[in-house]
Amino acid sequence: MRDYDPQSIEKKWQQRWRDSRAFEVAEDPGRPKFYCLVMFAYPSGHAHVGHVRNYMIGDVVARTRRMQGYNVLHPFGWDAFGMPAENAAIKHGIHPERWTLDNIAHMKGQLQRLGISYAWEREFATCERDYYKWNQWIFLRMFERGLAYRQRSAVNWCPSCETVLANEQVVDGACWRCDTQVGTRELNQWFFRITRYADALLEGAERLEQWPEQVLTMQRNWIGRSHGARVRFAVIPGREADAAEEPVEVFTTRIDTIYGATAVLLAPEHPLAERLAASSADPAAFRAQLDRFRALDRTARTTGQIEKEGFDTGRQALNPFTGKPVPIWIANFVLAEYGTGAIMAVPAHDQRDFEFARRYGLPVTVVVQPDGAPPLRGETLEAASAEHGVLVDSGPFSGLSSAAAMRAMTQAAEERGTGRGEVQFRLKDWGVSRQRYWGTPIPIVYCETCGTQPVPDEDLPVELPRVEQFSGRGDSPLAEVPEFVATACPGCGGPAKRETDTMDTFVDSSWYFYRYCDPRNDAQPFDPATVAYWGPIDFYSGGIEHAILHLIYSRFFCRVLNDLGMVEHEEPFKRLLTQGMVLRNGAVMSKSRGNVVDPDDMLATYGADALRLYEMFVAPPEREIEWTDAGLEGSYRFLGRVWRLVSAFCTAAPDCPALDAVDLQSADRALRRRTHDTIRRVSSDIDVRVHLNTAVSALMELVNELYAFCARERIGVEQPAADESGRPPRPAALAVVREAVEALVLMLSPFAPHLAEELWEVLGHAGGVVAAGWPECDEEAARAEEIVVPVQVNGRLRARLTVAADAPPDMLEALALKDPHVGAHTAGKRIAKVIVVPGKLVNVVARSREDR
RNA sequence: GCCGGAGUGGCGAAACUGGCAGACGCGCUGGACUCAAAAUCCAGUGAGGUUCACCCCUCGUGUCGGUUCGAUUCCGACCUCCGGCACCA
């Protein structure tokens, strides 16, 4: 018997798969398709065992579906644009392209040595001109539709990365990549109008039934839909000379509290603030105050880390409901970018307004009394009461509930022309301009005569010029390349300048999954017919860190492409799995912590199959796992156990009879039951729940059972094939073992594909496990003849009955009551009732005689 | 503060629809094999009590309470941890 030698087996099968193009696919309308995708990789250098866990999960799903007869698309590629490449260039003088391509080559080798079944012929990297050309093409379609626009605005600026960040890329006020505190800059920036799809993205989320609740919640929070009303407060003229002002519009979600609005507060950036300054008694002092507020740290301002301050403008506005004047103040905590940039202050019912009012002595007027609480009084209030309740001192609306008042008052405002119902979103448009080199050039030209001009499709791609020197400072590196900047205007042919910013790399990853469907198309991003066949993605797996970034951008792109008629579906990912990270010594693996485990080191000792099996077995895919060498060792031992089992069986039974040619004994039927029960469990664990850990443990149980069975039947696992008397094993026993072993090998193949292919061949099959197909559960064989039914007395286990599987309830009851253990616990008691769940359990309810 | 998720042996975990808590693996203990070891195979392994032993009993799924014949599972309150949102009007 050969020993299990993963190195030689793995090399052999990887070679065979490559030679036979085993995982390459084409559209085939005659077969059901399955698109299995893992988030593509940023080629940072080396993959560690944490990165590859995700690829293993996807591979188990892909290999299983393939065996089940699906036409499986399982592609891989590289998210190859990005800052680390450019930083390497700055630090080590390696060109970003060289660095990126070297890393890709290394990581691809790692994945291939793990035996992940990718359709490598579809591989691409986003930094290739054949890919980013289509980023530009999509950008232009969005430009045509007003979905890409340019605007000067205050943006998040990372001083370390020297570039703009989208709101999604600012985490706790710091850069998502380098953790530096983010500042503000005023820049001309390109934006994608994702807000146009805010409602669609929110509603679409309701139908994503196979997404983790956590991710959906995060997306809902991020979109931040608020239903409220926009209300107009007329501005009362100050001096005679003042021009008539437009009314101030405020957004509120609590129009029911408007009778308690005792001030209007403007953001320092509000346009009216500027005009009020001009007409004020001391414009210079007014502006100095505004400037002081505007200069406040942006993050502090948007996260409530500043003292609430403000000043009275000296002007007043009319509350459209009370008809009374209220002062207009400037307040530093009012955000220009949310709602209308102005609010009505209701100190009694909003904590922020309350703090502001107490500080400056503004009146606090209670207009909503919460149910069942003692009446509130403005003078004695210690904190705002934000609860809904019943309206008081609110004119004709007094006595209404908050909810009813919101409807009635919104309607009243509409009728009087002083307001209307409105929905606001927290979601902002996606700023995509980046002042960096290693990204997709934005295909726009600026002409003195014609203005902003899109680059015509036929001139795409706007190629990224070769830049050799990177300082890492200053504006866009492309601005330093005169031959790139200087161009002819596509409109008039006159001299013009190219846009020198590049696109956010999240643009690349927002549609790459469609490119896999048609990766070499040079006429369009992809042929819609290919996506109609493969899409949407049936199974998508990746890290939770992309819950809002990549996954919301991709959903947005999907809808844009749907509007363009290129994609039929509205949601790109049917099922999402967020896999847990691999920790070591309680921390995420990272080079800086020095706790990374390189898969290649594990391959040398244990092989890819053991590594794969270990990472799938240790916990469900969603959960994070702690790396242990002992666990890997255990998986390796299990594979050795399988190897010896199958090898010994083949030696013991070179020819073994067919199942239907033998008479089965009860023990044989029991093994068959275990075999088919295992098929049922493993199939549903992989297909339905993706609980790969319990699938593996079911296989382990089957192996344990087989060892015991073979020992009893003298099918030489450790002993010779015949016992001392020279009597060979029973043919029926051999036949059921063969069935079990074959099912085992096939079901193990998604987890340990090399070992399984080798054993399948050893078992005498040519053509591989995919041709063999996934084993079918024979319900008849899986059905138990005898079952063990637990018997409880008052819910506590007291006995077990071994009965026929179809024993009727009254028989179970009679047997239970006859049992001596049951009798011991019911002695001296009255049996109130007996609950019988056929096939499951019996529960005898016994009461003391006194109890009624 | 709001929203979501989690809490089970020495450890990773399982229990899928309210029905035998701890499957499977790691670790540990003992045995077989061996000159010996490694490897392998077999057995045991939640805590406590009782017993020569087999049996048997009590407790036990973060805490307290509830619903139920029966709760890791459902409900209420609370504690702890993880994640998201948060001066968003």
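Sequence lines set the chain letters: A, B, ... in the order given, protein chains first and strands last, and positions in each chain run from 1. Owing to the predicted nature of the structure, the values given are computational and were not obtained by experimental measurement.
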(message) Between Asp677(A) and Arg680(A), does any side-chain N to carboxylate O distance fall below 4.0 Å?
(response) yes
(message) Whether Arg220(A) and Glu213(A) form a salt bridge (side-chain N of Lys/Arg under 4.0 Å from carboxylate O of Asp/Glu) is what I want to check.
(response) yes
What is the nucleic acid contact for [X], judged by heavy atoms within less than 4.0 Å: base, sugar-phosphate only, or nothing?
X         : answer
Pro212(A) : nothing
Asn704(A) : sugar-phosphate
Val788(A) : base
Arg220(A) : nothing
Gly631(A) : nothing
Val844(A) : nothing

(request) Could you run through nucleotides 56-62 of chain B and give me one letter per nucleotide, 5' to 3': B if any protein heavy atom sits under 4.0 Å from the base, S if only the sugar-phosphate is that close, - if neither? (result) SSSS---
(request) Please work out which of the three classes, parallel, tilted or perpendicular, describes the rings of Phe251(A) and Tyr338(A), given edges at 30° and 60°. (result) perpendicular
(message) Can you classify the ring geometry of Trp643(A) versus Tyr4(A) as parallel (below 30°), tilted (30 to 60°) or perpendicular (above 60°)?
(response)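 Correct class here is tilted.
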(message) Both atom distances under 3.5 Å, Watson-Crick or G-U wobble: I'd like the secondary structure of RNA chain B as a dot-bracket string, with | for pairs made across strands.
(response) (((((((..(((......[....)))((((((.......))))))((((......))))..(((((..]....))))))))))))....
(request) Write down the atom of Val231(A), the atom of Pro320(A), and the distance for their closest heavy-atom approach. (result) CG1-CG, 3.6 Å
(message) Please find the pair of heavy atoms, one from Ala317(A) and one from Val264(A), that lie closest to each other, and give the distance.
(response) CB-CG2, 4.3 Å
(request) Identify which nucleotide among rC3(B), rC26(B), rC69(B) has an atom closest to any side-chain atom of Ala630(A), counting heavy atoms from C-beta outward. (result) rC26(B)
(message) Tell me if rG76(B) is syn or anti. Syn = glycosidic torsion within 90° of 0, anti otherwise.
(response)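 Judged by the O4'-C1' to base torsion, rG76(B) sits in anti, the angle falling more than 90° away from 0.
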(message) Roughly how many Å apart are rC57(B) and rA39(B), using the C1' atom of each and rounding to a whole number?
(response) 43 Å
(request) Compare all side-chain heavy atoms of Glu813(A) with those of Leu817(A) and state whether any distance is below 4.5 angstrom. (result) yes
(message) Tell me whether the NZ or CZ atom of Lys308(A) lies within the 45° cone about the ring axis of Phe356(A) and under 6.0 Å from its centre.
(response) no
(message) Check whether Tyr707(A) forms a cation-pi arrangement with Arg641(A) (NZ or CZ under 6.0 Å from the six-membered ring centre, at most 45° off the ring normal).
(response)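 Yes, a cation-pi geometry holds between Arg641(A) and Tyr707(A).
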(request) Examine rG70(B): is either OP1 or OP2 under 4.0 Å from a nitrogen or oxygen in the side chain of Asn794(A)? Give yes or no. (result)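 No, outside the criterion.
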(request) Check whether the side chain of Asn843(A) and the base of rC69(B) form a donor-acceptor pair under 3.5 Å. (result) yes
